[in-house]
Amino acid sequence: MRGLLRNNFYSMASNIRLSLIMAGFLSLVPLVLKESAAIPMILSIQIFLFVVNTGTSLRVDETSKWNKFELTLPIRRRTIIGAKYVSFTLLILLGVMMSLLTLGFVYVAGFELDPKIVIYSYGFGLTLSITLVSLMYPIMLKIGTEKNELVVFFSGFAAIGMMLVLAALLAPVTGGMQLRHPLVGMISSCMATILFVISYFVSVHIHRNKEFK
């Protein structure tokens, strides 16, 4: 498992470094602009920023034929897929850590933030990130990585669509259709997590039945 994780991160090391630089820059934006209105969006972007690199990792595996070579290793296919999902989880956690850095800077700077908006920001960022990898990986595993950008767009659109549907269903509780209500963010994150677990089993099934060329 450790070797598989190392390979996953080696294949997107340069992209992760770029994401770290971008996330670090975003952490400083509120301090430079002295504006708190953009902070919720920054938190969501930072969480989402790192999982976009998964498409690069999958494409490198395919072009380098690593996805064929790893089948010769004395490991189960379930372990191969498990390593991918652990990598996805670590990328999301890395984004969360960078967003916490932003909150630290905001606190030091003395900005006042509505806790409800912060909760929604994390809910939106996590929903977008988790849904993206949950849909993107099994789709790319099935059809290949040639349409990487299209799959990323579709996955992001699906995440926003899920939040809109939940906002409509929760309207009687939230006092109308309020997409930015923290309850919508929390429940959508839970739904995305369930989708993540389902995605793992779907990916295992696809991988077991896939013929790698």
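Reckoned from all heavy atoms, side chains included, excluding hydrogens, waters and symmetry mates.
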Discussion item. Side chains of Ile42 and Ile45, heavy atoms from C-beta outward: is any pair under 4.5 Å?
Written reply: no
Item to complete: Determine the minimum heavy-atom distance between Ile92 and Ser129, stating which atoms define it.
Response: CG1-CB, 4.1 Å
Worksheet item: Side chains of Ser199 and Tyr137: donor-acceptor distance under 3.5 Å anywhere?
Response: no
Item to complete: Measure the CD1-CG distance between Ile47 and Leu91 for me, rounded to the nearest 0.5 Å.
Response: 13.5 Å
Worksheet item: Does the side chain of Ile206 reach to within under 4.5 Å of the side chain of Ile81, using non-hydrogen atoms?
Response: no
Worksheet item: Which pair of non-hydrogen atoms, one from Ile119 and one from Met186, has the smallest distance, and what is that distance?
Response: CG2-CG, 3.9 Å
Fill in: Leu126 and Val96, any side-chain heavy atoms less than 4.5 Å apart
yes
Worksheet entry | Atom CE of Met162: over 12 foreign heavy atoms under 6.0 Å | yes
Practice prompt. Go through the steps for Phe154 and Phe157 under the test ring pair (Phe, Tyr, Trp, His ring centres under 6.0 Å), then give the verdict.
Written response: CA-CA 5 Å; Phe154 166 75; Phe157 183 79; 7.9 Å; no
Worksheet entry | Interatomic distance, Ser203 atom OG to Met136 atom CE [nearest 0.5 angstrom] | 10.5 Å
Item to complete: Please test Val202 against His205 for side chain to side chain contact (heavy atoms under 4.5 Å, CB included), starting from the C-alpha separation and ending with a verdict.
Response: CA-CA 5 Å; Val202 171; His205 176 75; 5.7 Å; no
Fill in: Beyond-backbone contact of Phe50 with Leu20, side-chain heavy atoms, under 4.5 angstrom
yes
Discussion item. Please report the interatomic distance CG(Leu94) to CG(Leu49), rounded to the nearest 0.5 Å.
Written reply: 9.5 Å
Practice prompt. Using a 4.5 Å cut-off on heavy atoms from C-beta on, say whether the side chain of Ile130 contacts that of Leu195.
Written response: no
Worksheet item: Of the non-hydrogen atoms in Ser188 and Thr127, which two are nearest, and what is the gap between them?
Response: OG-OG1, 2.9 Å
Worksheet entry | Tyr122 side chain reached by Ser99 side chain, heavy atoms, under 4.5 Å | yes
Fill in: Side chain proximity check, Met163 to Ile160, heavy atoms < 4.5 angstrom
no
Practice prompt. Sorted by first residue and then second, give each side-chain hydrogen bond (donor to acceptor under 3.5 Å, both in side chains) pair with at least one member in residues 18-32; sequence neighbours left out.
Written response: Ser19-Asn53, Ser27-Gln46, Ser27-Thr102
Fill in: Audit row: Leu28, Phe25, side chain to side chain contact (heavy atoms under 4.5 Å, CB included) steps and yes/no
CA-CA 5 Å; Leu28 299 175; Phe25 172 77; 5.7 Å; no
Fill in: Student check: side-chain heavy atoms of Phe196 and Val133 closer than 4.5 Å
yes
Discussion item. Let me confirm one number: the CD1-OG distance from Ile139 to Ser134, rounded to the nearest 0.5 Å.
Written reply: 10.5 Å
Worksheet entry | Residue from Pro40, Ser189, Ser44 passing side-chain contact (heavy atoms from CB on, under 4.5 Å) with Phe124 | Ser44
Discussion item. With a 4.5 Å cut-off on side-chain heavy-atom distances among I, L, V, M, F, W and Y, is there a chain of contacts connecting Val106 to Leu100?
Written reply: yes
Discussion item. Rounded to the nearest 0.5 Å, what separates atom OG in Ser121 from atom CD1 in Ile39?
Written reply: 9.5 Å
